[in-house]
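Structure first, commentary second.
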Amino acid sequence: MENVTQHSEPHYDPEASKLGMWLFIFTELLLFGGLFIVYSIYRFLNPVAFQLAGEELNVVIGAINTIILLVSSMTIAMSTTALQQKNKKLTLFLLIVTVVLALVFLVNKYFEWGTKFHHGIWPGSPHLINDMSKGEILFFGLYFVMTGLHALHIIIGMIFILVALKRVQKGTVNADRPSLLENAGLYWHLVDLIWIFLFPLFYLIH
Amino acid sequence: MYILSNTVNASNFVSGVDKAFLLIMGISFVFLIGLTFTMLYFMYKYNNKKNPIATQIKGSNTLEVIWTVIPTILVLIMFYYGWAGWAPMRKAPKDTFNIKVTGRMWNYLFEYENGKKTDTLFVPMDKAVKLKLVSLDVIHGFFIPAFRIKEDVVPGREKMAWFIPQREGLFELFCTVYCGMNHSYMGSTVKVMPQPKFDAWYIDTIKHVSVAVDSPTATGQRIMKNIGCFACHTVDGTKLIGPTFKGIYGSKVVIQTNGQEHEVTADDAYIKRSIYDPNADIVKGFNKGLMQPYTGLLSEGDVQQITAYLKSLK
Amino acid sequence: MQTAVPILHEVSYLEYKGKYKGLFSWILSTDHKRIGLMYMYAMMTFFLIGVMLGLAMKLELIAPGRTIMGPQTYNALFTVHGVIMIFMIVIPGLPAVFGNFMLPIMIGAKDVAFPKLNLLSWYIYMTGSILVICSVLFGNGIPDTGWTFYAPYSFKTGTNLLPAIFGAFVLGFASILTGLNFIVTIHRMRCPGMTWLKMPLFAWSLYGTAWIQLLATPVVGITLVLVALERIFGIGVFDPALGGDPVLYQHLFWIYSHPAVYVMILPAMGAISEIIPTFSQKHIFGYKAIVASTIAIAFVGYFVWGHHMFTSGMSGTAQYTFSILTFIVAIPSAIKVFNWISTMHKGSINPDIPFLWAISFIFVFMIGGFSGLVLGALATNVYVHDTAFVVAHFHFIVFGGVGFAFFGAIHYWYPKMFGRMYDKAWAKIGWAFFFVGFLTLYSPMFYLGMMGMPRRYYDYLPEFHAANILSTLGSWVMAFGLLIIIINLFRSAKNGAIAPMNPWNGKTLEWTVPSPPPTENFEDIPVYGEKDGPYEY
Amino acid sequence: MEKEKHHIVPYRVYFYILLALITMTFMSIGLVHINLGGYSVLGALIFSTIKSTLVLTWFMHLKFDEPFLRIMVVFVILVFAALLFITYLDYFFR
Ligand code: HEA
Ligand code: HEA
Ligand code: CUA
Ligand SMILES: [Cu+2]
């Protein structure tokens, strides 16, 4: 007879958690928004240098990564449908595909950054500072910061999806309580959304 | 108060700025006093001892409109006066007397078109003076209160400020943007002289040659004092922004060049390099980018004098 | 032992025994009231540090030249003072303490929407604060950039800036999460019948604030990350030597930091909007107008940041746009002041201590606001920008505004929070010293600014001496007042008279629960009928 | 509220959206090779905007959510646009 006051009965409010997730997405949008402001101002001030530097980036890798992200966005969106149709196997499969695609994206990114490093281009590298124009330094500085931050979000998104996957497996996320999976999906789409803008702004300047 | 007293019309901007000031302050005082007294009066009149039952009033749309519209009009008037006092600061007339102002930690250097350099700003009276503001390191602020002008001096950009001094005399000049340790000492003075007097000063280059000095190292010391080395360096062994000069000559210094650490002896060549290209070798434990190159500001001869002085610091 | 059940339900949140004992029952509690108190204790501690630094600065400025410290120490002092006061006290201040404590009760909910997240925010807040303190204690030198971290000085200085920047970044996260929590709470957990327009004004102000926290904080977050990267790698974004533009840093910084000043003031205004009707025993005047002006301040306040940069070399177009927007954002504040004063009209005023704080708030807020108008006009801003005038403006409005509202709020809600009443006579004496000290401390700074004394100055001309002495004296009077207030509050938490449920005859929901409230706040969620409302006397 | 069933989007729809997104990606890459001068940024951004609208409405379910979420999203985007616009008032007219 000790503990009668049970604390807030664990009530489940999917609308609240969805709203919370959206609000968080807004802050993420403004986080990148800050960087987009910086980018656009510097591009406006150094149009030629940005074009020159943009040509150094590999459009093919960029395009492949875009498609990977788009496909993974679809698979995770489908996974909620699968969950709601009570098809647990398909849900799990779709989630695994999403995570694998995310990994492929990161591997690509790794090689892409690797080549840049190989060419002596990294933030603050002597080649960058000594041999390039100011606009190009800015371009690559922003390139590393923005794609780096985006990659960090991919990693966070992957963890988020993995947690959801685990919970789907255990059955605590199911057709009646899909919130966690839906939120993981929302987050993942955010990552996609940002890339949709990063890709043309960095890879498609000619 | 500057606003009211001795700086009346010290420059062409004073009246515009002060007008805006008085207008805003005037309106503000009326409101402040009026509202404060209303508040106190209500507190007295409707005290619960006198007025135990409140009358419930939930609002009034008429009043809301009134006290939205009136302040709006008032602030637009304030905006207008603010704008009117400021607009002329943005565009200098064509025919101006030009001076280049270089800010660095922690002094200003004024360069005139005939090559004259000073650390006090000399300007002719009743003539439009245009300043070209550049900074070598961080942002500084160029502020002459009596003239009501202020402009940040931003590295990487060339800024402009102009004014017509209208009063003879000495005026204060401050640095207003925080720029490191001696920010509050980065001031100087403006000397406004009537045109003939100014001209005499302007063409006279002889006066500036230094008076004879007794000891052989005093010239070095004087140069360093004038250009401001002691803002960052001491001679008594304490570390400020930069390393101390005590016993520096001939000592072994650990420096970093492009990230590699190595040891050198502080000789003439090293000191010269430290002055002309300080960011090439960074003394261990100090930051890059604080000391700026003095190329063009100190001649080879000056550096020799400085080295001679540094030698004497045992 | 069946009979014990209803009694146990009434156990106050202070005595409630949960899974954990002692300290752990606090630091692991997800109860919004305990979290609110934990914020308050943490802030009090940091606040006292900040006050000490402020007093030390004033002591240094008592005479020109060196008095008790060197210039580098002084620079470090105002930096740490500014960072602590802004990022650790007044930005989270009212929302984290009173928002957490009162918001759920005021809207008739049992807790916030995400109680665990709420606790997490507190931990994030503590982490950030400790990082800031670390930057003082360890490394080579205390940060010395001013709380604005202006580039390029912020990546040139040799001092230990990284932990401070990182700390501010982390504190931003705590602020974002709190805001997020409040928005969801307000959207989803208002009690049945409480429509948006029946919500107490304090809750409205928190709603407006939360949106600013959400949308503005990330911008400064990323800006601080860029400064840190600039320091570590030299990526060049703000370094003029590498093509960057230091003025862009200022844009980004103020995109956050101007809205942040409204993050500070809105909840303060919200608290005042609660105190005034309660102590006038009258329905608030112009409820809808106050709601609208809250939203307007939050929204327009977003677009005026450039008024901090009038001398930085922006384009003329930007300058007058920002100036006019600055004036426009002053109007909703004016509307609020008029409505507050009208609420007193024909009321039945109980001039008790919270009310005294409220009217002194209005008084100093007006002075601060009017000096803001001087700063918002272009010509006068150019003259007084970066002088002691600005320092006076923001102390009047940040500290006079937010600080006074904080003290008003704590005297107002104290009986509810602790179930006891403080000693009113001492509270009034403390208030009197504080108020007089405040005016003596900061008024001379207006004068100094108009004379042209720049801010962040360790040393000054002899002409400025007299005003500085006065100001320093004021700082002691005020600190004395503060001491009385704090001691009074602390002692009363143990020894004060037991407070009734509704000592001020307030009408908002927090006055319908016992003092102190039970863990679950309400046994049954209240329901608002057609006629009910927060200010229906 | 509790009873409200989630709208279940068929797999097919998601697939069509993906196809549209990929097509537009290729179109924006193609656009680069046509010389549009200053307008190529604009073109790329228009494509990105359409793509992100698709992602928002379908993948992120905004189409099926309550209207206030949609209002919030639009509001946030407008706030960001206004920030950008005002910042440009400085840089464009310098
Ligand atoms: C709580 C915080 C807070 C608040 C609410 C405000 C409110 C305002 N501030 Fe302030 N401000 C700061 C905190 C705040 N400020 C800080 C911290 C700084 C310095 C930062 C730094 O550099 O370190 C600063 C700096 C600052 C500057 C830059 C100064 C400079 O460096 O050059 C400017 C310039 O426009 C400004 C203007 C205003 C204006 C117009 C308002 C308005 O919102 C005020 C509106 C209120 C009123 C007008 C009074 C009430 C109205 C009436 C009684 C009715 C009558 C009114 C009319 C007729 C209009 N502020
Ligand atoms: C809330 C903000 C706040 C507060 C309370 C204070 C309090 C004090 N400040 Fe403040 N100050 C700043 C914010 C604040 N300051 C900022 C942002 C700067 C700019 C830094 C920079 O330039 O970068 C500054 C700069 C600054 C300077 C200028 C430095 C310069 O430019 O040269 C000086 C000079 O004397 C000064 C003095 C003081 C003094 C003596 C106190 C105090 O000691 C007075 C004593 C205080 C009290 C007696 C109680 C107040 C109570 C509350 C606020 C509510 C409590 C809330 C909780 C406990 C949660 N401060
Ligand atoms: Cu130069 Cu301050
Ligand atoms: Cu502001």
Side-chain angles (χ1 to χ4, degrees), chain B residues 1-3 16-17 20-21 24 28 32 35-36 38-39 42-43 46-48 51-59 64 67-68 71-72 75 78-79 82-83 85-86 90 138-139 141 143 145 148 150-152 154-157 159 174 176-185 286-287 289-290, chain C residues 71-72 75 146 150 152-153 156-158 240 246-247 280-283 285-287 289 311-313 316 320 323-324 327 330-331 334-335 337-338 341 344-351 359 362-363 366-367 370 373-374 377-380 382-383 385-386 450-452 454 456-459 461 537:
Chain B
M1 228 192 271
Y2 266 130
I3 288 289
V17 173
F21 224 118
I24 300 176
S28 301
L32 179 66
L35 292 171
T36 308
T38 319
M39 213 155 59
F42 284 169
M43 203 171 135
Y46 301 114
N47 196 290
N48 56 5
N51 191 28
I53 306 288
T55 317
Q56 299 302 327
I57 308 166
K58 295 198 176 171
E64 300 292 348
W67 60 51
T68 310
T72 311
V75 292
M78 292 179 190
F79 167 76
W83 178 81
W86 156 89
R90 301 276 307 178
V138 300
I139 305 183
F143 179 33
R148 308 288 187 270
K150 181 182 287 133
E151 192 65 43
D152 293 2
V154 183
R157 277 178 72 185
K159 302 281 290 290
F174 296 114
T176 46
V177 177
Y178 176 68
C179 54
M181 188 175 78
N182 283 347
H183 164 60
S184 62
Y185 294 109
F286 293 88
N287 260 36
L290 283 167
Chain C
Q72 193 60 30
N75 298 341
Y150 268 15
Y153 185 71
K156 292 219 161 139
T157 174
V247 176
S280 309
Q281 290 296 299
K282 191 166 163 264
H283 192 286
F285 194 91
Y287 175 89
T311 63
S312 70
Y320 53 73
S323 173
I324 206 159
F327 279 114
I331 291 165
I335 295 176
V337 171
F338 293 129
I341 296 181
M344 298 174 200
H345 178 60
K346 295 203 170 163
S348 170
I349 294 173
N350 166 16
I359 58 166
I362 298 181
F363 180 68
M366 284 196 290
I367 300 181
F370 290 136
L373 298 176
V374 173
L378 289 165
T380 44
V382 169
Y383 178 49
H385 168 71
D386 266 342
M450 288 189 280
M451 296 280 288
R456 294 172 176 171
Y457 257 33
Y458 159 75
D459 197 357
L461 302 176
Y537 282 90

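Naming: A, B, ... by sequence-line order, numbering from 1 per chain. Just the heavy atoms: all of them, side chains too, but no hydrogens, waters or symmetry mates, feed the values below.
- When all heavy atoms of C:G347 and B:N51 are compared, the closest pair comes out as O-ND2, 2.7 Å.
- Heavy-atom pairs under 4.5 Å with chain C peak, among B:T68, B:N48, B:N47, B:V138, at B:N48.
- For the residue pair C:G313 and B:R157, the shortest heavy atom distance occurs at O-NH2, 3.0 Å.
- When heavy atoms are compared at a cutoff of 4.5 Å, B:K58 approaches chain C by way of both its backbone and its side chain.
- Taking the six-membered ring for Trp and the full ring otherwise, the centers of C:Y458 and B:H183 sit at least 6.0 Å from each other.
- Less than 6.0 angstrom separates the ring centroid of C:Y153 from the ring centroid of B:Y178.
- Here the CG-CE distance, from C:L373 to B:M78, works out to 5.0 Å after rounding to the nearest 0.5 Å.
- Interface remark: of the candidates C:V374, C:I362, C:I324, C:I324 forms the most heavy-atom pairs closer than 4.5 Å to chain B.
- If you tally non-hydrogen atom pairs under 4.5 Å between each of C:A377, C:G286, C:A330 and chain B, the highest count goes to C:G286.
- Ranked by heavy-atom pairs under 4.5 Å with chain C, the list B:G16, B:G156, B:P155 is led by B:P155.
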For B:F174 and C:D386, run side chain to side chain contact (heavy atoms under 4.5 Å, CB included): C-alpha distance rounded to whole Å, both residues' side-chain angles, the deciding distance at 0.1 Å, then the answer. CA-CA 11 Å; B:F174 296 114; C:D386 266 342; over 6 Å; no

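- Using a 4.5 Å cut-off on side-chain heavy atoms (C-beta onward), B:P71 and C:F338 make contact.
- Counting heavy-atom pairs closer than 4.5 Å to chain C, the top-ranked of the candidates B:T38, B:I57, B:V177 is B:I57.
- Proximity to chain B (any heavy atom under 4.5 Å) is shown, for C:I341, by both the backbone and the side chain.
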Derivation and outcome, side chain to side chain contact (heavy atoms under 4.5 Å, CB included), residues B:I24 and C:F370: CA-CA 8 Å; B:I24 300 176; C:F370 290 136; over 6 Å; no

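- Between the OG1 atom of B:T36 and the CD1 atom of C:I367 there is a distance of 7.0 Å, given to the nearest 0.5 Å.
- Within a 6.0 Å sphere centred on CH2 of B:W83, other residues, nucleotides and ligands contribute 12 heavy atoms or fewer.
- Between chain B and the options C:T380, C:V337, C:T157, the largest number of non-hydrogen pairs under 4.5 Å is found for C:T380.
- For the set C:P246, C:A334, C:G316, C:A289, the count of heavy-atom pairs under 4.5 angstrom toward chain B peaks at C:G316.
- Contact annotation for B:E64: only side-chain heavy atoms (C-beta onward) come within less than 4.5 Å of a heavy atom of chain C.
- Interface check for chain C: of the options B:S184, B:G82, B:G59, B:A54, the most heavy-atom pairs under 4.5 Å are formed by B:S184.
- Of all non-hydrogen atoms in C:P71 and B:N182, the two that sit nearest each other are CG-OD1, 4.0 Å.
- The heavy-atom pair separating B:F143 from C:Y383 by the smallest distance is CZ-O, 3.4 Å.
- Put simply, CZ on B:F21 and CE on C:M450 are 5.5 Å apart, with the number rounded to the nearest 0.5 Å.
- Scanning both residues, C:V382 and B:K150, for their nearest heavy atoms gives O-NZ, 3.0 Å.
- In plain terms, the two heavy atoms of B:M39 and C:F363 that are nearest each other are CE-N, 4.4 Å.
- The distance from atom CD1 of B:I53 to atom CD of C:Q281, rounded to the nearest 0.5 Å, is 9.5 Å.
- Atom NE2 of C:H385 and atom CG of B:D152 lie 5.0 Å apart (nearest 0.5 Å).
- The contact between C:S312 and chain B is made by backbone and side chain atoms together, counting heavy-atom distances below 4.5 Å.
- Contact count against chain B (heavy-atom pairs under 4.5 Å) is highest for C:K346 among C:M344, C:R456, C:K346, C:M366.
- Separation of atoms OG1 (B:T72) and CD1 (C:I331) is listed at 3.5 Å; rounding is to 0.5 Å.
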